[in-house]
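Worksheet: the structure to be examined is printed underneath.
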Protein chains: 2
Amino acid sequence: MAKRHTHTCPIAGVLNIFGDNWTWLLIREAFYGATRFSEIQRNTGIAKNVLSDRLDVLVNEGILVREDVGENGTRYAYRLTAKGESLHPVLLALHQWGNEHVYGPGNEPVLLLERATGKPLQPLAPTSRDGHRLTRAEIETRPGPGASKATVRRLAEAQE
Amino acid sequence: MAKRHTHTCPIAGVLNIFGDNWTWLLIREAFYGATRFSEIQRNTGIAKNVLSDRLDVLVNEGILVREDVGENGTRYAYRLTAKGESLHPVLLALHQWGNEHVYGPGNEPVLLLERATGKPLQPLAPTSRDGHRLTRAEIETRPGPGASKATVRRLAEAQE
DNA sequence: TTCATTTGGTTTTAATTTGCAACCAATATA
DNA sequence: TATATTGGTTGCAAATTAAAACCAAATGAA
């Protein structure tokens with residue numbers, strides 16, 4: 001899976017890692033606690049060569065680490081790094097959208113609950129620095145320090 | 001792009017729509033206000049046949065609508081439906097992760113700011129029903145009403 | 001009014017990626 | 001000691017994607 005998007009864009013950057021049919025499922029597995037190659041393969045149904053390739057990508061990106069767990073040699077555990085754990089909000093957002101809009105209310109396959117109360121989480125929503133919820137209109141997308149000229153131009157014409 | 005994941009899982013369900021290299025970029029375009037076929041194609045660099053196919057998927061899923069905008073006939077605008085707009089938190093979560101972990105602090109291509117204050121948004125984070133932030137350990141994943149037997153089994157063994 | 005250009009595609013072909021099965025060496029288990 | 005499991009790799013066929021050519025209708029410019 002070569003990097004395909006060359007635009008300077010955060011979404012494009014994410015797609016260069018996660019823009020395929022499997023990688024988010026591997027992240028799900030990691031958050032569910034699956035660490036072994038064979039375990040992940042069984043749980044997802046991914047082909048071994050593709051799994052091998054995707055794990056390499058995730059390890060190279062610093063999202064997973066491969067730890068030795070056999071006495072010496074050929075048993076490994078794949079675990080989330082801190083960078084990997086930082087994907088949790090994204091995974092939750094995907095999860096909530098899937099529950100709500102793919103399966104629908106009353107048909108959710110996997111609920112997300114607060115452990116202490118058993119009540120469902122709130123839908124993830126953007127908040128300002130002082131903690132209040134923001135609507136789409138209250139959010140501005142502005143070129144940042146890493147913006148290319150194309151990005152600046154693009155955002156300018158998006159304002160119309 | 002045939003549906004490939006048959007597991008009863010919200011993440012798998014999302015991947016059956018968004019599990020490719022382009023679809024999130026099309027959603028980005030929609031949120032930036034691009035509505036025309038040619039406009040989206042120019043902004044992303046996607047091949048026309050693939051764009052045609054992906055737009056059909058998004059329209060069939062009820063995420064975009066195709067509106068007639070030529071006097072009568074062959075000019076169209078693709079716009080987000082309410083279901084499409086509900087993807088906003090997911091897109092923001094991807095955006096924030098891309099800024100932080102693909103480009104890094106001080107190198108963000110596109111900032112997300114509160115329009116009123118110019119301050120950056122908070123990172124999206126899970127919150128309980130009464131509004132406090134939750135850690136990963138405080139969240140429980142439990143089989144919901146739509147869970148299959150495989151899902152129940154899977155979640156049970158994830159508890160170990 | 002005429003001609004060139006734009007729009008929103010479809011079709012064809014080539015390159016790339018995926019899925020599947022076979023294979024393998026090292027290790028663990030019975 | 002024999003068998004199964006682990007974590008892959010390799011090779012091939014099938015499916016998907018990219019790139020380019022092509023097209024009819026509609027628009028815009030002179």
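Just so it is clear: chains get the letters A, B, ... in the order the sequence lines come, proteins before strands, and each one is counted from 1.
Rounded to an integer number of Å, the gap from A:D53 CG to C:dT17 C1' is 10 Å. Counting to the nearest Å, the C1' atom of D:dA18 and the CG atom of B:D20 are 14 Å from each other. Look at CG on B:L26: it is 12 Å from P on D:dT17, rounded to the nearest Å. In this structure, the NZ atom of B:K48 is 10 Å from the C1' atom of D:dA21, given to the nearest Å. Rounding to whole angstrom units, CZ of residue A:R36 and C1' of D:dA4 are separated by 14 Å. Counting to the nearest Å, the C1' atom of D:dT6 and the CD atom of A:E39 are 12 Å from each other. Between the C1' atom of D:dG7 and the CD atom of A:E67 lies a distance of 16 Å, rounded to the nearest Å. In this structure, A:R4 atom CZ and D:dT16 atom P are separated by 15 Å, rounded to whole Å.
Closest to the B:R66 side chain, of the nucleotides D:dG8, C:dG9, D:dT17, is C:dG9. Considering only side-chain atoms of A:R54, the nucleotide from C:dT10, D:dA18, C:dT18 that sits closest is C:dT18. Residue A:A47 has its side chain nearest to C:dG19 when only C:dG8, D:dT9, C:dG19 are considered.
Side-chain atoms of A:R75 come within donor-acceptor range of the base of D:dT5, with a qualifying N/O pair under 3.5 Å.
Look at B:S38 and you'll find a side-chain N or O under 4.0 angstrom from OP1 or OP2 of C:dG8. Contact annotation: B:Y76 does not reach the phosphate of C:dT6 (side-chain N/O to OP1 or OP2, under 4.0 Å). Using a 4.0 Å cut-off, no side-chain N or O of B:W22 falls inside it from OP1 or OP2 of D:dT16. The phosphate of D:dG7 (OP1 or OP2) has no side-chain N or O of A:S52 nearer than 4.0 angstrom.
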Enumerate, atom names and distances included, each donor-acceptor pair closer than 3.5 Å involving a side-chain atom of residues 44-51 of chain A, sequence neighbours excluded.
| residue | atom | partner | partner atom | Å |
| --- | --- | --- | --- | --- |
| A:T44 | OG1 | A:I40 | O | 2.8 |
| A:T44 | OG1 | A:I46 | N | 3.3 |

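Where B:R42 and B:N49 meet DNA chain C, the nucleotide closest to each residue was compared, and B:R42 sits on the side nearer the 5' end.
Across all strands shown, A:N21 has no heavy atoms under 4.0 Å from either base or sugar-phosphate atoms.
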Apply side-chain contact (heavy atoms from CB on, under 4.5 Å) to residues B:E61 and A:H101 and explain how you reach the verdict. CA-CA 10 Å; B:E61 293 289 341; A:H101 294 284; over 6 Å; no
Please walk me through it: do B:L91 and A:I11 pass side-chain contact (heavy atoms from CB on, under 4.5 Å)? CA-CA 8 Å; B:L91 191 71; A:I11 305 299; 3.8 Å; yes
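Between B:W24 and B:H95, the ring center distance fails the sub-6.0 Å criterion.
Residues B:P109 and A:T151 approach most closely at O-CG2, 3.9 Å, considering heavy atoms.
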